[in-house]
Undergrad: 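The following block contains the structure, expressed as structure tokens.
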2 protein chains.
Amino acid sequence: MARWEPNPRERLERAAMELFALQGFEATTVDEIAESAGMARSGFFRHYRDKRDVFSGGHDGLAVLFTEGMRSVSSEASPGEAVAAGFDAIAAVFFTDERRDLAPTRFAVIASSTDLQERDLLKRQHLTDSVTAALIARGQDEVQASVVANLTALAFARALPVWGETTNTEQFSVIARHLLDEISAAARHCLDRPRPAASGE
Amino acid sequence: MARWEPNPRERLERAAMELFALQGFEATTVDEIAESAGMARSGFFRHYRDKRDVFSGGHDGLAVLFTEGMRSVSSEASPGEAVAAGFDAIAAVFFTDERRDLAPTRFAVIASSTDLQERDLLKRQHLTDSVTAALIARGQDEVQASVVANLTALAFARALPVWGETTNTEQFSVIARHLLDEISAAARHCLDRPRPAASGE
């Protein structure tokens, strides 16, 4: 798995996040981002289609990497093991210690824009769909596959802010695996329908 | 629960869906929708903010109705029973037999536009968040609540196309309850195989 290095693409991402956080997503221009990253406007467009793409660019790769990670484990392995390998794969590239400092800014900018939230949900749905397909390819039936994929996306969504907390020192894959276990345990019991009238508040 | 009647709001929705399906979402104007529904442009804006709102208008109400349904069942009832009541509540208003003929058109139009898909996902996330909050209010812990809410949103998403199939004759609440049972059964087993200690790369 590739190690994070401050290549032009990453430099642009950092410059963009800083400017978005400082002056807002809407008010920031591509020219300003390029200038702040020390390159020409054309350099920006070599890496991203537009401003929104700075956020989503990474996420397309996310689903690809995640499912590659899943395919790297034995076909005998459980769905939980396959998904855990997916988390390891994305952690090694997107959620490294070096990139953690960007996370709070990124979340804040996304939270500030409905447009970016929508795009973010679309990317998460893309991850869910990709994981579903990968699980079906491993022999799971379609309902099971989509349940596991949805719980995986939930673990992912919950892991991100925990990992990005300024005081956090744990690795993303450790956090995601832990949350996946917690979510799996909850899933085993939470919808048991005929519940004796007992545990009410 | 209110019965469906062809009030102005519904008339506009039907006119809009027909036009979107015929000539595309982008190419259809508010004036055309209003005219086709037999009212003035100002009539359209009394009910919807813009074209996209024709899709999402109903969905804001969806989360409100769903959680009202959940609150209508005893606090002793299981999360599964509460959620099933939520499905009954939305079925009685939004997914009636009379409205089923609109469904295939609606799905086709949404599928044709990334913009509408994003908006649709945002509405589904809003439903998930509302159900999570309602379950926490019923005394569930936060992880369990979000697991149940996510599985509920999955059941909802899977129920819609089944209900909307032109050959379908089953009621939405029956379909949704059935899928919720199927999903719950899958959730009980799909992630529970014992996993060997961390495989980290």
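We name chains A, B, ... by the order of the sequence lines, and we start the count at 1 in each one. In what follows, every heavy atom counts, from backbone to side chain, and hydrogens, waters and symmetry copies are set aside. Just so it is clear, the structure is predicted and the values come from calculations on it, not from any experiment.
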Undergrad: Which pair of heavy atoms, one from A:Ala186 and one from B:Val143, lies closest together, and at what distance?
TA: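 In this case the closest contact between A:Ala186 and B:Val143 is CB-CG1, 4.1 Å.
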Undergrad: Please state whether the side chain, the backbone, both or neither of A:Gln144 comes within less than 4.5 Å of a heavy atom of chain B.
TA: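 Contact with chain B is through both the backbone and side chain of A:Gln144.
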Undergrad: I'd like to know if B:Arg158 and A:Glu142 make a salt bridge, using a cut-off of under 4.0 Å between side-chain N and carboxylate O.
TA: yes
Undergrad: Say you draw a straight line from CG of B:Asn150 to OG1 of A:Thr128; how long is it, rounded to the nearest 0.5 Å?
TA: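 These two atoms lie 9.0 Å from each other.
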Undergrad: Go through the atoms of A:Ser173 and report whether side chain, backbone, both or neither lie under 4.5 Å from a heavy atom of chain B.
TA: neither
Undergrad: Mind ranking A:Val174, A:Thr114, A:Val147 by heavy-atom pairs under 4.5 Å with chain B and telling me who comes out on top?
TA: A:Val147
Undergrad: In terms of heavy-atom proximity below 4.5 Å to chain B, should A:Gln140 be classed as side chain, backbone, both, or neither?
TA: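 Contact with chain B is through the side chain of A:Gln140 alone.
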Undergrad: Quick check on B:Leu151 against chain A: is it the side chain, the backbone, both or neither that has a heavy atom closer than 4.5 Å?
TA: side chain
Undergrad: Quick check for you: to the nearest 0.5 Å, what is the distance between A:Leu122 atom CG and B:Asp120 atom CG?
TA: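 Rounded to the nearest 0.5 Å, the CG-CG separation comes out at 10.5 Å.
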Undergrad: Between A:Arg52 and B:Glu118 (salt bridge meaning N to carboxylate O under 4.0 Å), is one present in this structure?
TA: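 Yes.
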Undergrad: Just so I know, are the side chains of A:Gln117 and B:Gln125 near enough to count as touching, which here means a heavy-atom distance under 4.5 Å?
TA: no
Undergrad: For each of B:Asp141, B:Val148, B:Leu135, tally heavy-atom pairs with chain A at distances under 4.5 Å, and name the one with the top tally.
TA: B:Val148
Undergrad: Between B:Ser74, B:Ala145, B:Ser146, who has the most heavy-atom pairs with chain A when the cutoff is under 4.5 Å?
TA: B:Ser146
Undergrad: Given heavy-atom pairs under 4.5 angstrom as the criterion, report whether the side chain, backbone, both or neither of B:Leu154 touches chain A.
TA: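 B:Leu154 touches chain A through side-chain heavy atoms alone.
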Undergrad: CD of A:Glu35: more than 12 outside heavy atoms within 6.0 angstrom?
TA: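 Not buried by this count: 12 neighbours or fewer within 6.0 Å.
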